[in-house]
J.: 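Got a structure here, written out as C-alpha cells. Questions coming.
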Amino acid sequence: MYSVLQNIHSYFAYLVLFALLVGAFSAFFGYSGNRPFQDRDRKVALIGLIASHIQLVLGLILYFVSPLGAPNLSGATMKDSDSRLYALEHPLINILAIVLITIGYSRAKRLKIDRKRFSSIFVMYGLGLILILSRIPWGAWFD
Ligand code: HEM
C-alpha cells in the first residue's frame, strides 16, 4: 500500500506541475493578448485544479502511511532539515498552494471582466507553483 501510493504520488507530480504550468501560461497569454475569456480557458484551468486536488488527496493519505510523514513528527524531526521537509514543510506549503489555486479558479469563475478572470488564474496558479516548487524533495524525486 505504502510503496504503491508513494509511486503514484511521485509520478502524478509531473502531471500536476505540467497542468499548472499550462494553466498559468495560457491565462497569462489570454491576459496579455486581451482575448475574451472562453469556456475553453476555464477548462484548461480546471485540469490544473483537478490534478492538484487529486494530488492533495494522495498526499494526505501518504502522510499517514509514510514513515517520513506523521509517524515521524517529533522535536528531533524539527531539528533535521530533511525530516522537517517531509513531515511539515512539504505538506503544509502544498496545502496552502492548493488553497491559492482553488481561490484563483473560483474567482475567475465569478468575475465578470475577462482580463480579471485571466489575471486571477495566472497570479494564483503562478504563486501556487512557486510554493510547490520551493518544497519539492528534489533529491529523492530524481533518485
Ligand atoms: C501539488 C502538490 C504536491 C506535489 C507536486 C507533491 C510532490 C511530491 C514529490 C515529487 C515527492 C517525492 C516523491 C519521491 O520521493 O519520488 C513527494 C513526497 C511526499 N509527499 Fe507530496 N506533493 C504534493 C502534495 C502533498 C501533500 C498535500 C502532502 C500531505 C498532506 C504530501 C505528502 C508527501 C509525503 C508524506 C511524501 C514522502 C513520501 C515518502 O517518500 O515516504 N504531498 N511529494
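Just so you know, these numbers come straight off a predicted model, no measurement behind them.
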J.: Contact between Ile103 and Val99 at the side-chain level, heavy atoms closer than 4.5 Å - yes or no?
T.: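 Touching, per the 4.5 Å side-chain cut-off.
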J.: Indicate the ring-plane relationship of Phe142 and Trp138, choosing parallel, tilted or perpendicular according to the 30° and 60° boundaries.
T.: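 If you compare the ring of Phe142 with that of Trp138, the planes turn out parallel.
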J.: Let me confirm one number: the CG-CD1 distance from Asn94 to Ile132, rounded to the nearest 0.5 Å.
T.: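 These two atoms lie 5.5 Å from each other.
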J.: Do Val44 and Val123 sit in the same hydrophobic cluster, where Ile, Leu, Val, Met, Phe, Trp and Tyr count as joined when their side-chain heavy atoms come under 4.5 Å apart?
T.: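 Cluster IDs for Val44 and Val123 differ.
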J.: Is there a side chain to side chain contact (heavy atoms under 4.5 Å, CB included) between Phe37 and Ile121? Walk through the geometry before answering.
T.: CA-CA 11 Å; Phe37 189 94; Ile121 294 171; 3.8 Å; yes
J.: Atom CG in Leu129, atom CZ in Phe25: separation rounded to 0.5 Å?
T.: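 Those atoms lie 9.0 Å apart.
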J.: With distance as the sole test, does Ser52 use its side chain to make a donor-acceptor pair with the main-chain N or O of Ile98 at under 3.5 Å?
T.: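 Between the backbone of Ile98 and the side chain of Ser52 there is no qualifying donor-acceptor contact (under 3.5 Å).
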J.: Would Phe28 and Phe118 count as a ring-ring contact (aromatic ring centres under 6.0 Å, His included) here? Give the steps.
T.: CA-CA 7 Å; Phe28 177 74; Phe118 280 126; over 10 Å; no
J.: Do Ile93 and Val57 share a hydrophobic cluster, counting only Ile, Leu, Val, Met, Phe, Trp and Tyr and linking them when any side-chain heavy atoms are less than 4.5 Å apart?
T.: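 Yes, one cluster joins them.
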J.: Looking at Arg84 and Asp80, does any basic side-chain N land under 4.0 Å from a carboxylate oxygen?
T.: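 Salt bridge absent between Arg84 and Asp80.
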J.: Can you hop from Tyr2 to Leu58 via hydrophobic side chains spaced under 4.5 Å?
T.: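 Result: yes, single cluster for both.
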J.: Counting N and O atoms only, with roles assigned by atom type, does the side chain of Asn7 sit under 3.5 Å from a partner on the main chain of Ser3, one being a donor and the other an acceptor?
T.: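 The answer is yes, because a donor-acceptor pair under 3.5 Å joins these two groups.
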J.: Mind checking the CG-CG spacing from Leu60 to Leu56? Nearest 0.5 Å is all I need.
T.: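 One finds 4.5 Å between CG of Leu60 and CG of Leu56.
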J.: Is the closest side-chain heavy-atom distance between Ser120 and Leu111 below 4.5 Å?
T.: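 Yes, their side chains come closer than 4.5 Å.
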J.: Can you find a pair of side-chain heavy atoms, one from Tyr125 and one from Leu21, that are under 4.5 Å apart?
T.: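 Sidechains of Leu21 and Tyr125: no contact.
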J.: For Met78, which fellow cluster members are found when Ile, Leu, Val, Met, Phe, Trp and Tyr are connected by side-chain heavy-atom distances below 4.5 angstrom, either directly or through intermediates?
T.: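 Under the 4.5 Å side-chain rule, Met78 groups with Tyr63, Phe64, Leu73, Leu88.
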J.: Give the C-alpha distance, both sets of side-chain angles, the deciding distance and a yes or no for side chain to side chain contact (heavy atoms under 4.5 Å, CB included) between His53 and Leu49.
T.: CA-CA 6 Å; His53 280 212; Leu49 180 81; 3.7 Å; yes
J.: Could you state whether Phe29 and Leu127 fall into the same hydrophobic cluster, counting links through intermediate Ile, Leu, Val, Met, Phe, Trp or Tyr residues with side-chain heavy atoms under 4.5 angstrom apart?
T.: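 Same hydrophobic cluster.
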J.: Write down the atom of Ala19, the atom of Gly48, and the distance for their closest heavy-atom approach.
T.: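 Scanning both residues, the minimum pair turns out to be CB-CA, 3.8 Å.
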J.: With the 4.5 Å side-chain cut-off for hydrophobic clustering, are Ile101 and Leu46 part of the same group?
T.: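 Linked within one cluster.
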J.: Kindly compute the distance separating CZ (Arg40) from CZ (Arg35), expressed to the nearest 0.5 Å.
T.: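 Arg40 atom CZ to Arg35 atom CZ measures 5.0 Å (nearest 0.5 Å).
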J.: Any heavy-atom pair between the side chains of Ile47 and Lys43 that's under 4.5 Å?
T.: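 SC-SC contact between Lys43 and Ile47 ruled out.
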J.: For residues 8-18, please give each side-chain donor-acceptor pair under 3.5 Å, one per line with the distance, not counting sequence neighbours.
T.:
unit_1: His9; atom_1: ND1; unit_2: Gln55; atom_2: OE1; d: 3.4

J.: Can you see which heavy atom on Pro71 is nearest to which on Ser66, and at what distance?
T.: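 Nearest heavy atoms, Pro71 then Ser66: CD-O, 3.2 Å.
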J.: Let me confirm one number: the OH-OG distance from Tyr86 to Ser83, rounded to the nearest 0.5 Å.
T.: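 Nearest 0.5 Å value for the OH-OG distance: 9.5 Å.
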J.: Mark yes or no for whether His90, through its side chain, and Leu85, through its backbone, hold a donor-acceptor pair below 3.5 Å.
T.: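 A pair under 3.5 Å: no.
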J.: Please give me the minimum heavy-atom distance between Tyr105 and Ala45, naming the atom from each residue.
T.: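 That closest heavy-atom pairing would be CD1-CB, 3.9 Å.
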J.: Kindly state each residue pair satisfying side-chain hydrogen bond (donor to acceptor under 3.5 Å, both in side chains) with at least one member in residues 107-118, sequence neighbours excluded.
T.: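 Qualifying pairs, neighbours excluded: Tyr31-Arg115.
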J.: At what distance, to the nearest 0.5 angstrom, does CD1 of Ile95 lie from CG of Leu131?
T.: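 Interatomic distance, Ile95 CD1 to Leu131 CG, rounded to 0.5 Å: 12.5 Å.
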